[in-house]
Asks: 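Provided herewith is a single structure, encoded as structure tokens, for subsequent inquiry.
Below, chain A is the first sequence line, B the second, and so on; all start at residue 1.
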Number of protein chains: 2
Amino acid sequence: MDAYEKLEKSRKRITESIAQNIHLYGLPPSAGRQFGMMFFEDHPLTLDDMSAELGMSKTSMSTSIRSLSEAKLVDRVWERGVRKDLYEVKDDWYQIFVDMFTVKWRRAVSLHTAAIRKSMAELKELKKADDITDELLAIIESDIEKLLYIREYYDWLDRLIDAFEDHKIFDLVPRLEEDA
Amino acid sequence: MDAYEKLEKSRKRITESIAQNIHLYGLPPSAGRQFGMMFFEDHPLTLDDMSAELGMSKTSMSTSIRSLSEAKLVDRVWERGVRKDLYEVKDDWYQIFVDMFTVKWRRAVSLHTAAIRKSMAELKELKKADDITDELLAIIESDIEKLLYIREYYDWLDRLIDAFEDHKIFDLVPRLEEDA
DNA sequence: CATTACGTACAGAAAAAACTGTACGTACAA
DNA sequence: TTGTACGTACAGTTTTTTCTGTACGTAATG
């Protein structure tokens, strides 16, 4: 094995490690491979570059780069005189984490909150109905209690997301461990 | 639609909302449905109960309850005189979030860190070889820089996980919003 | 001891997700 | 205007995941 192959092997291990864990970002392994490969390239790549490098179809590159882009792991960049779309990985992994966390959980909180609001309204309406037995009323009250609890939880989650988004999290857990 | 159906509809909305978002916990929608259903039941359930309630096979219940258990969303409980396994959802959603976060990311950090250590050692070894061109050496140095960066990032992530695990996160983002 | 109830391993079926090639719309170039 | 290069929508295929039914090991019961 020559030096170049050894280098490739070293890179491949890291890339595969990323590929195996990218599901934490809601992305398939191939997107992780794409990200890893781009991470070791020091310049923006076109879809054709990626296609050639990974031996996958351009269509796949197109769809997965969109996923990577929506999860904010890559940026589209412009270069004078280049007609093709160019992409590069973001270089701030802390910010990548924050963005992923924010995007993914904000959406979840939003969907859940909407569902809770609707169901809560229905239950309160139902409570007023006059054909309600005491037994059923107790269940309704119990469900309302549960919804109040999870609404409170989602409020906490929302504030947690804020703490990431506005970087307050770095006050609690500093980026750099300054050694003496 | 009678009152009971209305109640079911209200519950179903919440349960479906959970099912659609449980992928954030690395679980399939059906596990979310299972969790949601159990959330509204006020007593522990057997696999047969779940099977009947969700209209799915007992085998499926068994496998998905294991996933829910590993992700620490449910607990197995014991009841005198009951031979069947009983499960109930954890009632502390804040702790559920913390556990999921901890379990999922700790594993990722561990795997990544191991990969980085290996590749780093290889690269340092490779640097010493005498058949290395200046060009290749520059690439190796560059890769080492990159690995140093992500190692630092994973160290931060590890400390972030600590902050969740030991509940310091609740100092930054308090559980209860105490209003005046 | 035999019997019964229970959970799950395993293999196959069904469903979902990822990937590919073709075809088309758009935009720049000549 | 015509031609060319590009990205992606879409339909079909492959791969992966999820779900089911059968069969078996284990433990409690009589």
Asks: Please examine the side chains of A:D99 and A:K90, heavy atoms only from C-beta on, and report whether any two atoms are closer than 4.5 Å.
Replies: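 The answer is yes; the side chains approach within 4.5 Å.
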Asks: Nearest whole Å is fine: how far is D:dC19 P from B:M50 CE?
Replies: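 That distance rounds to 15 Å.
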Asks: Does the gap between the ring centers of A:W105 and A:F164 come in under 6.0 Å?
Replies: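 No: the rings miss the under 6.0 Å criterion.
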Asks: Do the side chains of A:W93 and B:Y154 get nearer than 4.5 Å, heavy atoms only?
Replies: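 Touching, per the 4.5 Å side-chain cut-off.
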Asks: Test: side-chain hydrogen bond (donor to acceptor under 3.5 Å, both in side chains). Region: residues 8-23 of chain A. Which pairs qualify, not counting sequence neighbours?
Replies: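 Listed by first then second residue: A:R11-B:D143, A:R13-B:S119, A:R13-B:E122, A:E16-A:Q20, A:E16-A:R33, A:S17-B:H112.
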Asks: Which protein N or O atoms sit under 3.5 Å from an N or O of nucleotides 6-8 of chain C?
Replies:
{"from": "C:dG7", "atom 1": "OP1", "to": "B:D85", "atom 2": "N", "distance (Å)": "2.7"}
{"from": "C:dG7", "atom 1": "OP2", "to": "B:K58", "atom 2": "NZ", "distance (Å)": "3.3"}
{"from": "C:dT8", "atom 1": "OP2", "to": "B:S62", "atom 2": "OG", "distance (Å)": "2.5"}

Asks: Could you tell me if A:K146 sits above the aromatic ring of B:F40, with its cationic atom closer than 6.0 Å to the ring centre and no more than 45 degrees from the axis?
Replies: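 No.
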Asks: Do A:M50 and A:I65 have side chains that approach each other closer than 4.5 Å (heavy atoms only, starting at C-beta)?
Replies: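 Touching, per the 4.5 Å side-chain cut-off.
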Asks: For B:R33 and C:dA15, give me the distance from atom CZ to atom P, rounded to whole Å.
Replies: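 So the CZ-P distance, B:R33 to C:dA15, works out to 14 Å.
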Asks: Taking atom P of D:dT17 as reference, at what distance in whole Å does atom CG of B:L27 sit?
Replies: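 Those two atoms, CG and P, are 14 Å apart.
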Asks: Can you tell me if A:E5 has over 12 outside heavy atoms packed within less than 6.0 Å of its CD?
Replies: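 Counting neighbours around CD of A:E5, more than 12 heavy atoms of other residues, nucleotides or ligands fall under 6.0 Å, so yes.
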Asks: Can you check whether A:S57 has a side-chain N or O nearer than 4.0 Å to OP1 or OP2 of C:dT20?
Replies: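 It does, given that an N or O in the side chain of A:S57 lies less than 4.0 Å from OP1 or OP2 of C:dT20.
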Asks: Just to be sure I understand the rule, does B:S64 reach a base, reach only the sugar-phosphate, or reach nothing, if contact means heavy atoms closer than 4.0 Å?
Replies: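 The residue B:S64 makes no contact with any strand.
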Asks: Distance check: side-chain N/O of B:S30 vs OP1/OP2 of D:dC19, anything under 4.0 Å?
Replies: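 Answer yes for this pair, as a side-chain N or O of B:S30 is under 4.0 Å from OP1 or OP2.
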Asks: Atom CG of A:L54 to atom P of C:dC19: distance rounded to whole Å?
Replies: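 Those two atoms, CG and P, are 11 Å apart.
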Asks: So if I take residues 12-23 of chain A and measure heavy-atom distances to DNA chain D, which residues fall below 4.0 Å?
Replies: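 Correct list: empty, so none.
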Asks: I'd like to check B:L147 versus A:I14 (side-chain heavy atoms, cut-off strictly below 4.5 Å). Are they in contact?
Replies: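 Yes, side chains in contact.
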